Amino acid sequence: MIKDKVVVITGASSGIGEATAKLLASKGAKLVLGARREDNLKRITDEITWQGGSAIYQKLDVTKQEDNDKIVKLAVDTFGRVDAIFLNAGLMPLSPLSALKTDDWHKMVDVNVKGVLNGVASVLPVFTVQKSGHIIATSSVAGLKAYPGGAVYGGTKWFVRDFMEVLRMESAMEKTNIRTATIYPAAINTELLTTISEKETLDQMQGVYDTYGISPERIASVVAFALEQPEDTTINEFTIGPANQPW
Ligand code: NDP
């Protein structure tokens, strides 16, 4: 049951995070939305509230531990608990390694890897005391197979896969009843391509998304499905993408 679950979403200001916030709100969840663009968060929160849902937001840069701590505290102070966190914030500035876009490499590590670590560090103590909680993360099909242009992006998403699996195993061993779900999307039409600064790669990826891309609502429904499972059940991995995308 999703009704009344308190769910924190990182990267909630557009794309997959926004679609998930709206779907979960329509199913009665209480949302706590985080990202850097406050205008977008306000618009989404207003829309949810106007439709009769429950949502609050906080400006969040996932690379800062204190921001992650604050958004988890906001959830607890406002709603009394946290039932789930969706670690979804991410960037995808793809390029060949030979382009030496080292700033992009470091940004991806900071957001896609350290952002996940920071979010887990903030929520784990709350979940451990509650003896329940659900941690859902957005990896990528680039976290399952290698793609030219995606050495660093893919590396960050492979990291998420390994980290989430060990989190699942350790939670089971420690009997904290913390559940995990890792999502591996293929081409989903969002604002993600705007993070690509290398023109040739952008043109190529734009072609792929124009040909195959599907709505972020498809990912939102997977998050909802994971959350709807009974307390004793973890569905650990979901690979999801356009039916006609061959790779
Ligand atoms: P969007 O660009 O639409 O959304 C990315 C979100 O991440 C935005 O809300 C953005 O908010 C947030 N974000 C970026 N940097 C930070 C930061 N430092 N702190 C907090 N939030 C941040 O793209 P998607 O919805 O597609 O991306 C969501 C996730 O899905 C990402 O992890 C991406 O890698 C993954 N993914 C997407 C696929 C696709 O095809 N679209 C395929 C596979 C995986 P703001 O800028 O306001 O901070």
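Each ligand, and each atom within it, is numbered from 1 in the order the structure gives. Sequential numbering from 1 along the given sequence is applied to the chain's residues. No experiment lies behind these values; they were computed from the predicted model shown.
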If I apply the N/O under 3.5 Å rule, does [X] come out as touching ligand 1?
X	answer
Ile16	yes
Ala187	no
Asn88	yes
Ile188	yes

Tell me: protein heavy atom nearest [atom], and distance?
atom	result
atom 4 (O) of ligand 1	Ser14 OG, 3.4 Å
atom 35 (C) of ligand 1	Thr138 CG2, 3.5 Å
atom 26 (O) of ligand 1	Thr190 OG1, 2.7 Å
atom 20 (C) of ligand 1	Leu60 O, 3.2 Å
atom 36 (N) of ligand 1	Tyr153 OH, 3.7 Å
atom 22 (C) of ligand 1	Ala89 CB, 3.6 Å
atom 14 (C) of ligand 1	Arg36 NH2, 3.5 Å
atom 38 (C) of ligand 1	Leu192 CD2, 3.7 Å

Ligand 1 atoms in contact with [X] (distance to a heavy atom under 4.0 Å):
X	value
Ala12	9 (O)
Tyr209	39 (C), 40 (O)
Gly15	3 (O), 25 (O)

Under 4.0 Å from ligand 1, counting heavy atoms only, is it the side chain of [X], its backbone, both or neither?
X	result
Val111	side chain
Met92	neither
Ala186	backbone
Pro216	neither

Can a salt bridge be assigned to the pair [X] and [Y] using a cut-off of 4.0 Å between side-chain N and carboxylate O?
X	Y	value
Arg43	Glu47	yes
Glu191	Arg37	yes
Lys22	Glu217	no
Asp46	Lys42	yes
Arg161	Glu165	no

Counting distance only, does the side-chain N/O of [X] pair as donor-acceptor with the main-chain N or O of [Y] below 3.5 Å?
X	Y	value
Asp67	Thr63	no
Asn68	Val62	yes
Ser26	Leu23	yes
Glu198	Pro96	no
Gln51	Gly53	no
Asp83	Gly133	no
Lys157	Thr138	yes
Ser171	Leu167	yes

Can you find a non-hydrogen atom of Lys157 under 4.0 Å from ligand 1?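 The answer is yes: ligand 1 sits under 4.0 Å from a heavy atom of Lys157.
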Counting heavy atoms only, which of Asp61, Asp67, Asp39 comes nearest to atom 18 (N) of ligand 1?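 Closest candidate by heavy-atom distance is Asp61.
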To which of Ser139, Gly115, Gly17, Gly90 does the heavy atom nearest atom 44 (C) of ligand 1 belong?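 Considering heavy atoms of Ser139, Gly115, Gly17, Gly90, the nearest to atom 44 (C) of ligand 1 sits in Ser139.
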